Amino acid sequence: MKIDVLLGLQWGDEGKGKVVDVLTPRYDIITRFQGGPNAGHTLEFNNHKHILHNIPSGIFREDKLNMITNGVVLDPIVFKREIDSLETMGIDLTKNLWISKRAHLILPTHRILDAASEAAKGKSKIGSTLKGIGPTYMDKAGRNGLRVGDLDLDFMEKYEALKAKHKQLLKQFDYAYNLDEEERFFDGIEIIRKFRRVDTEYEINHFLEAGKSILAEGAQGTLLDIDFGSYPFVTSSNTICAGACTGMGIAPTTIGEVYGIFKAYCTRVGGGPFPSELLDEDGEKLREIGKEFGSTTGRPRRCGWLDLVALKYSLMLNGVTQLIMTKTDVLDTFETIKVVTAYSVNDALTDRLPYDLSDNVKPVYTEVPGWQTDLTGVREKEHFPKELNDYIRFLEKELQVPVKYVSVGPDREQIIEM
Ligand code: GDP
Ligand code: IMO
Ligand code: MG
């Protein structure tokens, strides 16, 4: 058995939550291996919409085991809120959600530091979700972090020491804050205590040997990767496939399929370069039809045409074996669809993503005819309009990876296997 990995190939919000929910029946175990509550993964079924932040998107399918592994940073406050909301739906997760002892905890002061640091950056701010992600990973790399496994050790001592360090750091910012959230943090800690806290790396490798099938759910997207994204406008973890190895404790040779998920166009929320961004009517139309507002922060997402230069870079970094195209229906009414097939940098054409993605990078577009057909009710590929088939063939030829699923709406049912 191998571990399959599902990853976002753009700037996040590609529809990972929906597709993980669709694929879950084929697996025994679903994991989240990096990121934290900066993620917002939306699932829709039976006219019900649910957004998950810390918890893997496998939890709505019965009898599946879900794991939050070591690469994740976990916020007890958000976690409790998620658990409470699932409880109101009659879902008790205490049996089928396991948490790694090695996962780092987000403290209220991490969130304050995130906000203070962003405020201090002024115009050059990253546009962080302000969930404390950066400061928590900083403490992890700086070897100061507090981990889930510490709940059974000298937790309070470590907590106080880290809080004191944060208070010291906060002195350098002119930033007013209070610690009102501390009580809710400890309520969340009590909820985490109800869950199995294990060495997920042993459990996963053991399950693998026993022939269980595992799907690893990425968060954010490749172009937000700490190493390969448009630094510093990135998140603080490795969002690429290699992040699944370090984020779960699995060998690279255990990875099977790599599902790369992308929207039929592009969005980005927060700051940073976005070569194919549309600041015109088309951009507005994509945002409106695609309901492009952040699942975690509600911010309007910036919209643009599909960028194959960026997508090819993502394929290279991840070793994608199957493509999943989402939000295809959002393009239903466009007469023509544009796709970036090269960049012009200082008047020279390139198919590489340059180190400096600033204003001197101009996208070069290829135009293809739109299908101008409502896809939301389509359930079989035989019913695809010719122009959509042509669009898919065009992408496959450019990308050299097969498109295996096409999503045509937010609901669990609105997806076609090719
Ligand atoms: P994630 O972070 O990758 O899980 O994606 P988000 O949940 O943040 O954002 C994707 C949004 O698009 C959600 O509101 C989904 O319900 C919605 N969505 C997913 N797939 C489709 C699709 O094929 N068509 C449409 N119209 N919406 C979709
Ligand atoms: P999912 O998993 C889209 C963006 C933020 C900001 C940058 C850094 O739902 O696809 P951070 O909070 O990590 O310090 O923010 O990354 N960002 C996301 N954008 N989807 C996400 O997650 C994101 N998580 C972080 O908007 O630009
Ligand atoms: Mg999201």
Side-chain angles (χ1 to χ4, degrees), residues 6-22 32 34-45 48-54 56-57 72-73 75 106 110-111 113-115 117-118 121 125-138 217-226 229-237 239 261-274 286 288-302 324-332 374-376 378 405-416:
L6 183 138
L7 303 156
L9 298 178
Q10 296 161 321
W11 285 280
D13 303 328
E14 297 90 349
K16 298 175 290 293
K18 173 198 162 153
V19 176
V20 169
D21 172 58
V22 168
R32 264 283 307 270
Q34 46 71 229
N38 47 351
H41 294 183
T42 315
L43 289 75
E44 280 193 44
F45 50 90
H48 178 82
K49 175 172 165 175
H50 203 93
I51 301 176
L52 295 165
H53 301 287
N54 284 303
S57 300
V72 171
V73 290
D75 185 333
I106 301 177
H110 279 131
R111 287 220 256 180
L113 277 166
D114 206 359
S117 147
E118 276 282 81
K121 283 191 167 128
K125 71 174 183 185
I126 289 158
S128 162
T129 59
L130 303 180
K131 301 293 175 194
I133 305 297
T136 309
Y137 279 113
M138 275 164 74
E217 172 182 4
Q220 290 79 55
T222 300
L223 303 172
L224 290 170
D225 181 270
I226 180 80
S230 42
Y231 193 88
F233 299 98
V234 294
T235 191
S236 300
S237 63
T239 58
I261 178 165
F262 69 101
K263 280 182 195 180
Y265 49 99
C266 278
T267 62
R268 175 165 203 169
V269 59
F274 181 0
L286 286 171
E288 200 177 301
I289 301 176
K291 300 197 176 71
E292 294 296 356
F293 296 89
S295 313
T296 296
T297 57
R299 291 177 292 176
R301 294 177 183 143
R302 300 154 66 193
I324 299 167
M325 179 163 73
T326 61
K327 306 201 89 158
T328 319
D329 54 298
V330 176
L331 299 182
D332 280 356
D374 179 2
L375 293 180
T376 55
V378 175
Y405 295 87
V406 175
S407 176
V408 294
D411 193 273
R412 199 186 251 181
E413 304 292 330
Q414 291 174 301
I415 192 158
I416 297 106

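This is a predicted model, so every value here is computed, not measured. Only heavy atoms go into these numbers, but all of them, side chains included; no hydrogens, no water, no symmetry mates. Remember, it's 1-based here, ligands and their atoms both numbered in the order they're listed.
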Looking only at distances, can you tell me whether any N or O atom of [X], backbone or side chain, sits closer than 3.5 Å to an N or O atom of ligand 1?
X      : answer
Thr326 : no
Lys49  : no
Lys18  : no
Thr42  : yes
Val330 : no
Arg301 : yes

Is it true that Gly8 lies under 4.0 Å from ligand 1, counting heavy atoms only?
no
Would Gly12 count as a contact of ligand 1 if the rule is a heavy atom under 4.0 Å away?
no
If we only count N/O pairs under 3.5 Å, is [X] in contact with ligand 2?
X      : value
Ala219 : no
Thr235 : yes
Asp114 : no
Ser236 : no

For the CZ atom on Phe293, are there more than 12 heavy atoms of other groups (residues, nucleotides or ligands in this structure) within a distance under 6.0 Å?
yes
For the Mg ion (ligand 3), the closest N/O/S atom belonging to Asp13:
OD1
May I ask you to list the atoms of ligand 2 that are less than 4.0 angstrom from any heavy atom of [X]?
X      : value
Trp11  : 3 (C), 19 (N)
Val269 : 3 (C), 5 (C), 19 (N), 26 (O), 27 (O)
Ala39  : 1 (P), 2 (O), 9 (O), 22 (O)

Could you see which bit of [X] sits under 4.0 Å from ligand 1, with heavy atoms only: side chain, backbone, both or neither?
X      : value
Lys291 : neither
Ile415 : neither
Lys16  : both

If you define the side chain from C-beta out and look only at heavy atoms, does anything of [X] sit under 4.5 Å from [Y]?
X      : Y      : answer
Ile133 : Ser128 : no
Asn38  : Gln220 : yes
Arg111 : Asp75  : yes

Measure from [atom] to every heavy atom in [options] and give the option owning the shortest one.
atom                    : options                       : answer
atom 21 (C) of ligand 2 : Asn38, Ile133, Thr297, Thr239 : Asn38
atom 10 (O) of ligand 2 : Arg299, His41, Glu14, Lys16   : Lys16
atom 8 (C) of ligand 2  : Leu223, Thr267, Val234        : Val234
atom 28 (C) of ligand 1 : Pro410, Ala219, Gly221        : Pro410

To check your reading of the model: name the closest protein heavy atom to [atom], its residue, and the distance in Å.
atom                    : answer
atom 10 (C) of ligand 1 : Asp13 O, 3.7 Å
atom 21 (C) of ligand 1 : Gly409 O, 3.4 Å
atom 18 (C) of ligand 2 : Leu224 CD1, 3.6 Å
atom 2 (O) of ligand 1  : Gly40 O, 2.9 Å
atom 24 (N) of ligand 1 : Asp329 OD1, 2.7 Å
atom 5 (C) of ligand 2  : Gly127 O, 3.5 Å
atom 12 (O) of ligand 1 : Lys327 NZ, 2.9 Å

Is a salt bridge present between [X] and [Y], judged by a nitrogen-to-oxygen distance below 4.0 Å?
X      : Y      : answer
Asp114 : Lys131 : no
Asp411 : Lys18  : no
Glu292 : Lys263 : yes

Short check: any N/O/S atom of Gly17 below 2.8 Å from the Mg ion (ligand 3)?
no
Sub-4.0 Å heavy-atom contact, Gly8 with ligand 2:
no
Heavy-atom gap Gly134 to ligand 2 smaller than 4.0 Å
no
At a 4.0 Å threshold, what atoms of ligand 1 neighbour a non-hydrogen atom of His41?
1 (P), 2 (O), 4 (O), 7 (O)
Would Arg412 count as a cation-pi partner of Phe45, with NZ or CZ less than 6.0 Å from the six-membered ring centre and within 45° of the ring normal?
yes
Check whether the side chains of His50 and Glu44 place a donor and an acceptor atom closer than 3.5 Å, and report yes or no.
no
Per side-chain contact (heavy atoms from CB on, under 4.5 Å), Trp11 is matched among Val269, Leu223, Thr267 by Leu223
Sole residue of Thr239, Val72, Asp225 in side-chain contact (heavy atoms from CB on, under 4.5 Å) with Gln34
Thr239
